[in-house]
Amino acid sequence: MSAPASDSDTPPNAVNINSLSAAQLRSLQTRLSTELEHLTSSHAKLRAAQSRFRDCVRSINEGVVGSEKKGTAGKDEILVPLTSSLYVKGKLADREKVLVDVGTGYYVEKSTAKAVEFYEAKVKELETNLGELEKLVQTKSSQQRLFEDALRQKLMSEGAGASTQAAAAG
């Protein structure tokens, strides 16, 4: 165990969790639990977005650029994704340019190389965001464990105090 922190180590708005009541600790624990659920949900959504961007890169490399190199008879035919599980047959009008979804329903025409570059930059950006989010989740999880431990200690000491009072009264 480490030595107790001195007052100079404590942030200005910090509260000693041992001074909080059981009800206050439960409230904080509930709030942290809600925050953790939200952060975990956000993490899953960011991972899904990252996966979609990687799929876009793969689609360009294999579907547009890659099919040209294969030299197949129906080389202009491609499966166009409408959703993650629904595809329709299509024909490529131009192998050098693709439409890139830049967000909120806007599409921009880019060369295949620039499109791959765009999506790879998005993947890297999301990787950075995911790393920061993971650190935040770890911090919140450790805070939640501290509140759980403090609440457990508080409930045990209140239970011990009540049984001591009952023995003294009896």
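Since the structure is predicted, the reported quantities are computational estimates derived from the model, not experimental observations. Just so it is clear, the values below take in all heavy atoms, side chains as well, and ignore hydrogens, waters and symmetry mates.
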Practice prompt. Among residues two or more places apart or on two chains, list those pairs meeting salt bridge (Lys or Arg N to Asp or Glu O under 4.0 Å) that have a residue in residues 14-23.
Written response: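 Of all non-adjacent pairs touching residues 14-23, none passes salt bridge (Lys or Arg N to Asp or Glu O under 4.0 Å).
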[X] side, atom [atom1]; [Y] side, atom [atom2] - distance, nearest 0.5 Å:
{"X": "T34", "Y": "R31", "atom1": "OG1", "atom2": "CZ", "answer": "9.5 Å"}
{"X": "E127", "Y": "E125", "atom1": "CD", "atom2": "CD", "answer": "12.0 Å"}
{"X": "R47", "Y": "L133", "atom1": "CZ", "atom2": "CG", "answer": "9.5 Å"}
{"X": "T40", "Y": "K45", "atom1": "OG1", "atom2": "NZ", "answer": "11.5 Å"}

Practice prompt. Using the test side chain to side chain contact (heavy atoms under 4.5 Å, CB included), find all partners of R58 that sit at least two apart in sequence or belong to another chain.
Written response: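 Side chain to side chain contact (heavy atoms under 4.5 Å, CB included) check on R58 returns D55, E62.
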Worksheet item: Sequence neighbours excluded, which residues qualify as side chain to side chain contact (heavy atoms under 4.5 Å, CB included) partners of H38?
Response: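 Applying side chain to side chain contact (heavy atoms under 4.5 Å, CB included) to H38 gives S42.
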Worksheet item: Would a hydrophobic clustering, with Ile, Leu, Val, Met, Phe, Trp and Tyr connected at side-chain separations under 4.5 Å, put L99 with Y87?
Response: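 Different clusters: L99 never reaches Y87 through Ile, Leu, Val, Met, Phe, Trp or Tyr contacts under 4.5 Å.
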Worksheet item: Who are the salt bridge (charged side-chain N to carboxylate O under 4.0 Å, His left out) partners of D94, not counting sequence neighbours?
Response: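 Partners of D94 by the salt bridge (charged side-chain N to carboxylate O under 4.0 Å, His left out) criterion come out as none, since no residue qualifies.
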Worksheet entry | Test item: S41 side-chain N/O and E37 main-chain N/O as donor-acceptor pair under 3.5 Å |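 Answer holds: no.
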Fill in: Backbone N/O of N129 and side chain of E132: donor-acceptor pair under 3.5 Å
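Between the backbone of N129 and the side chain of E132 there is no qualifying donor-acceptor contact (under 3.5 Å).
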Solution key, residues 104-124 side-chain donor-acceptor pairs under 3.5 Å, sequence neighbours excluded:
{"unit_1": "S111", "atom_1": "OG", "unit_2": "K114", "atom_2": "N", "d": "3.1"}
{"unit_1": "Y119", "atom_1": "OH", "unit_2": "D101", "atom_2": "N", "d": "3.3"}

Side-chain donor-acceptor pairs of residues 140-154 under 3.5 Å, sequence neighbours excluded:
{"unit_1": "K140", "atom_1": "NZ", "unit_2": "E35", "atom_2": "OE1", "d": "2.7"}
{"unit_1": "S141", "atom_1": "OG", "unit_2": "V137", "atom_2": "O", "d": "2.9"}
{"unit_1": "S142", "atom_1": "OG", "unit_2": "Q138", "atom_2": "O", "d": "3.4"}
{"unit_1": "S142", "atom_1": "OG", "unit_2": "T139", "atom_2": "O", "d": "2.8"}
{"unit_1": "E148", "atom_1": "OE2", "unit_2": "Q29", "atom_2": "NE2", "d": "3.4"}
{"unit_1": "D149", "atom_1": "OD1", "unit_2": "R152", "atom_2": "NH1", "d": "2.9"}
{"unit_1": "K154", "atom_1": "NZ", "unit_2": "N18", "atom_2": "O", "d": "3.0"}
{"unit_1": "K154", "atom_1": "NZ", "unit_2": "L20", "atom_2": "O", "d": "3.0"}

Discussion item. If you compare all heavy atoms of L155 against all heavy atoms of A22, which two are closest, and at what distance to 0.1 Å?
Written reply: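 What the structure gives for the nearest pair is CD2-CB, 4.1 Å.
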